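What you are looking at is a predicted structure, and each value in this text was computed from that prediction instead of being measured. We count ligands from 1, going down the list as the structure has it; atoms in each ligand are counted the same way.
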Amino acid sequence: MARRRWEPLHRSLCAVSIHEPQLRSGRRLAAADAPADPHTNTALGLAGRGIVYLVGAGPGDPDLLTLRAARLMGAAEVVVYDYLVSDEILRFVNPRAERIYAGKQQACHALSQDEINRLLVALARRGKRVLRLKGGDPFVFGRGGEEAEFLARHGVRFEVVPGVTSASGASAYAGIPLTHRDHSRAVVFVTGHLKDGTTDLDWPMLARPRQTVVIYMGVTRLAEICGELVAHGLDPATPAAVIERATTPRQRVVTAAVTSLPEVARAEGVKPPALIVIGEVVRVREALASVADAAAASPAMLAA
Ligand code: SAH
């Protein structure tokens, strides 16, 4: 799906972010600033002049960056970024900033989590304004919590900037509402990939009716996940979707009943990054898809 409508906005924001490195309070970004911002860690005894911004870059479409993320990207001195952060997003980063790729696909880590933690502390202690850029939201399966804890333990100033989590982005761009009064009264976000490499989930809870289950990092275990849900009582006819590269020009949506989804996804060659959405809300896409897809293909909206 071609989604080109962000181009003009991207250019204008880029100019603002690079030439006006202002915080929302109006003060200029300076490494030696007192941590007066209410969203900044203001614990006593903080070491050094540096600061780490743990920033959510959203699911892919640069239009989904927050203004705060764009501003901080323009003012960063060093950026440490993950594989989910696309080149389109990185175009917002101050061109003079040092770039460090931290990686982190399931089997391929450029730096271990411990190395990333220590790198952030070392950079901040050198007085740097560090942008730790993550896909989606830093506190949703993004290890932002672990990094923030490490920074706090080492007395490093930090601030967390939320991003649009991929479940929200995928839901909007695929025409699948996460909740709907006719279909779903709860939404559950789970990871299909635990720290120890297993998928040990609370299957009876996930198999309950009238809720939406969104599974991050689950596409390589799709058959196991769908099989367990049905074995624990989920109606086999429950509609389900896999949304690959949501909100990017390469977004693909595959839908099927939960029992046939693994087969259909395999036939389509679906690969990570992708989200699995299971629940009656997936039916709503039938009514919304044609309009949503037409809007996605249209360059008109923001360019007007
Ligand atoms: N912090 C991120 C999640 C990181 S975990 C967030 O809030 O979205 C990585 C997983 O997120 C991927 O395996 C995939 O399941 C999901 N994901 C991230 N970006 C995605 C995208 N553009 N499309 C589909 N799934 C995505």
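Counting only distance, with no hydrogens or angles, the side chain of Thr66 and the backbone of Ala69 share a donor-acceptor pair below 3.5 Å.
Remark: ligand 1 and Val140 share an N or O pair separated by less than 3.5 Å (distance only, no angle test). Remark: ligand 1 and Pro59 share an N or O pair separated by less than 3.5 Å (distance only, no angle test). For ligand 1, the polar-atom distance check finds no N/O of Gly136 at less than 3.5 Å from any of the ligand's N/O atoms. When only interatomic distances are considered, the shortest N/O to N/O separation between Pro138 and ligand 1 does not fall below 3.5 Å.
Atoms of ligand 1 found under 4.0 Å from any heavy atom of Ser166, numbered from 1 in the order shown, are 6 (C), 7 (O), 8 (O), 11 (O), 16 (C), 17 (N), 18 (C), 19 (N), 20 (C), 26 (C). Taking every heavy atom of Leu84 and a limit of under 4.0 angstrom, the matching atoms of ligand 1 come to 9 (C), 18 (C). When each atom of ligand 1 is checked for a heavy atom of Thr165 under 4.0 Å away, the hits are 6 (C), 7 (O), 8 (O). Near Asp137, the atoms of ligand 1 lying under 4.0 angstrom from a non-hydrogen atom of the residue are 1 (N), 6 (C), 7 (O).
Ion pairing of Lys271 with Glu244 is absent here, as no side-chain N (NZ or NE/NH1/NH2) approaches a carboxylate O to less than 4.0 Å. For the pair Arg118 and Glu115, the salt-bridge criterion is not met [side-chain N within less than 4.0 Å of a carboxylate O].
Between Gly135 and ligand 1 there is a heavy-atom distance shorter than 4.0 Å. In this structure, Ile243 is part of the shell of residues with a heavy atom less than 4.0 angstrom from ligand 1. Within the structure, ligand 1 has Arg245 among the residues with a heavy atom less than 4.0 angstrom away.
Checked by atom type, the side-chain pair Ser184/Thr212 shows a donor-acceptor distance below 3.5 Å.
Heavy atoms of Ala274 found under 4.0 angstrom from ligand 1 belong exclusively to the backbone.
A distance of 11.5 Å separates CZ of Arg132 from OH of Tyr81, quoted to the nearest 0.5 Å.
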